[in-house]
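Notes to accompany the following structure.
For the numbers below, each heavy atom of this structure counts, side chains included, while hydrogens, waters and symmetry mates do not. Throughout, a chain's letter reflects where its sequence line sits, starting with A, and its residues are numbered from 1. Only a predicted model underlies this, so the values are computations on that prediction, with no experimental measurement involved.
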Number of protein chains: 2
Amino acid sequence: MARLPLYYRALLETAEREVSTISSERLAELAGVNAAKVRKDLSYLGSYGTRGVGYDVEYLLHEISRELGLTRDWPVVIVGIGNLGRALANYRGFGARGFRVVALVDANPELVGHPVGELAIEPVDELDRIVAEREIAIAILATPAVAAQEVADRVVAAGVTSILNFAPAVISVPEGVSLRKVDLAIELQILSFYQLRKFSAAAGESRPAEAAS
Amino acid sequence: MARLPLYYRALLETAEREVSTISSERLAELAGVNAAKVRKDLSYLGSYGTRGVGYDVEYLLHEISRELGLTRDWPVVIVGIGNLGRALANYRGFGARGFRVVALVDANPELVGHPVGELAIEPVDELDRIVAEREIAIAILATPAVAAQEVADRVVAAGVTSILNFAPAVISVPEGVSLRKVDLAIELQILSFYQLRKFSAAAGESRPAEAAS
DNA sequence: CGGTGTGAAGCCTTTCACAGCA
DNA sequence: TGCTGTGAAAGGCTTCACACCG
């Protein structure tokens, strides 16, 4: 369920405030969803709440992190160290819980060897070896659009089974490989779409709404 | 409809190859969706296809770009010029069609005045004036989580009606303001979730699937 | 024939509403 | 009394299947 990470973050913040128990309503508010949804979602994990009281924050945190696989350590490779790749490499925030960037790879020979944070950029020729040796299961693609599919094919062949694609291209992967995409241009175009409708909404109603990701 | 940008990109690529006509099936393949969906989506824009032939690429491009508001020019402000903000500022790709970054804003006084690409970083105090004067309707937030809600409130008060939030925080906006979020940590956690299920999928079926954005 | 446009069926998600338990 | 857990209803999106047209 794609909302678990939202609950997880909300619970983390709650735990920091040393609140030990939380209601579905409060959790819903923090996560930006509705209370019934929270209860239904959590009920899939089992019955961790106490009627009349709410959910135990620590216990729920533990259960969700187990469910999300955050108790494990996931080595990650970033392919394509341009503007975005570099920013992602420097991003403090997934090092936090479970995700560890263990390799930076780029096709440009001039970049190879350059340090970014604590890692040095490695050549794309060695991608297969890197993925295999370091047991990488998750790859982040930040390459140009034209290279995305080829890189995806290579990392999948080398053993990667989850891809997060930042390249502005549709890529296809074999069954059994998870693929998620983050596309800046598309997000902006969607906003533009709603934006346009706001001005022309002089007469009649038409709700611009909050198009969630 | 959130798939229009996908079709748009696919059509652009098709047009570059000087193909003048395209079937729903081919377009579906390029966009990574199914053909019935393409036809249904396009039918909402009107009947632009020719039975037995397909869609006219140029005409369809024109109609979609009009629908998406890409014929307009959208001034954009980026707030928070850290790793990510800087990468976004340097990102060639939305300058391409309709989106023009006209201001970079940061709360850190030491950053103010520093050039990033063709723009200089401006202080967050002037956010209101900047948004109003430059008629900015779209704001990209790349601030730390704690600052996100406050910045959102300020840009909305100043006239912004669309926000693209990269900060790892749930923010709320008044009705009528569009909000989309891109959250790296959440994307990775979702991949982790499916990843976990792949290993434990020794017995029985359980499809990891392609969880789309 | 080939491929669009579209009713209708199917499926999945969200929401409601309330029984039941601490 | 308060809040969870959950059947049932509602709604929306996707897919099917085929009539219809160039």
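- Between A:Leu4 and A:Glu67 the shortest side-chain heavy-atom distance falls below 4.5 Å.
- A heavy atom lying under 4.0 Å from DNA chain C marks the following residues of residues 45-64 of chain A, by number: A:Thr50, A:Arg51.
- For B:Lys40 and D:dA17, the NZ to P distance is 14 Å, given to the nearest whole Å.
- The shortest side-chain heavy-atom distance between A:Leu188 and B:Trp74 does not fall under the 4.5 Å cut-off.
- D:dA19 atom P lies 15 Å from atom CZ of B:Arg39, rounded to whole Å.
- Side chain to side chain, B:Arg66 and B:Thr71 fail the donor-acceptor criterion of an N or O pair below 3.5 Å.
- The side-chain heavy atoms of A:Val77 and A:Val102, taken from C-beta on, include no pair separated by under 4.5 Å.
- Between B:Glu25 atom CD and C:dT4 atom C1' the separation is 12 Å, expressed in whole Å.
- Counting any heavy atom pair closer than 4.0 Å across all strands shown, A:Arg3 reaches sugar-phosphate atoms only and no base atom.
- Rounded to whole Å, atom P of C:dG5 lies 12 Å from atom CG of B:Leu27.
- In this structure, a donor-acceptor pair under 3.5 Å is present between the side chains of B:Asp41 and B:Tyr7.
- Between A:Ser24 and D:dT4 there is a side-chain N or O to OP1 or OP2 distance below 4.0 Å.
- Summarising the geometry, the separation between CG on B:Leu42 and C1' on C:dG3 is reported as 13 Å, rounded to the nearest angstrom.
- With A:Phe193 as the aromatic partner, A:Arg197 meets the cation-pi criteria of under 6.0 angstrom to the ring centre and within 45 degrees of the ring axis.
- Nucleotide D:dG2 holds its P atom 19 Å from the CZ atom of A:Arg26, rounded to whole Å.
- Taking atom CG of B:Asn34 as the reference point, atom P of D:dA17 lies 12 Å away to the nearest angstrom.
- A donor-acceptor contact closer than 3.5 angstrom is absent between the side chains of B:Gln195 and A:Ser178.
- Under the 4.5 Å side-chain criterion, counting only non-hydrogen atoms from C-beta, B:Leu84 is not in contact with A:Tyr91.
- Summarising the geometry of A:Ala148 relative to A:Ala169, their closest heavy-atom pair is CB-CB, 4.5 Å, with the distance given to 0.1 Å.
- Atom P of nucleotide D:dT14 and atom OH of B:Tyr44 are separated by 10 Å, given to the nearest angstrom.
- A close approach under 4.0 Å does occur between a side-chain nitrogen or oxygen of B:Lys37 and OP1 or OP2 of D:dT15.
- Summary for the helix from C:dC1-D:dG22 to C:dA22-D:dT1: the axes at its two ends, each from 5 pairs, differ by 10° when rounded to the nearest 10 degrees.
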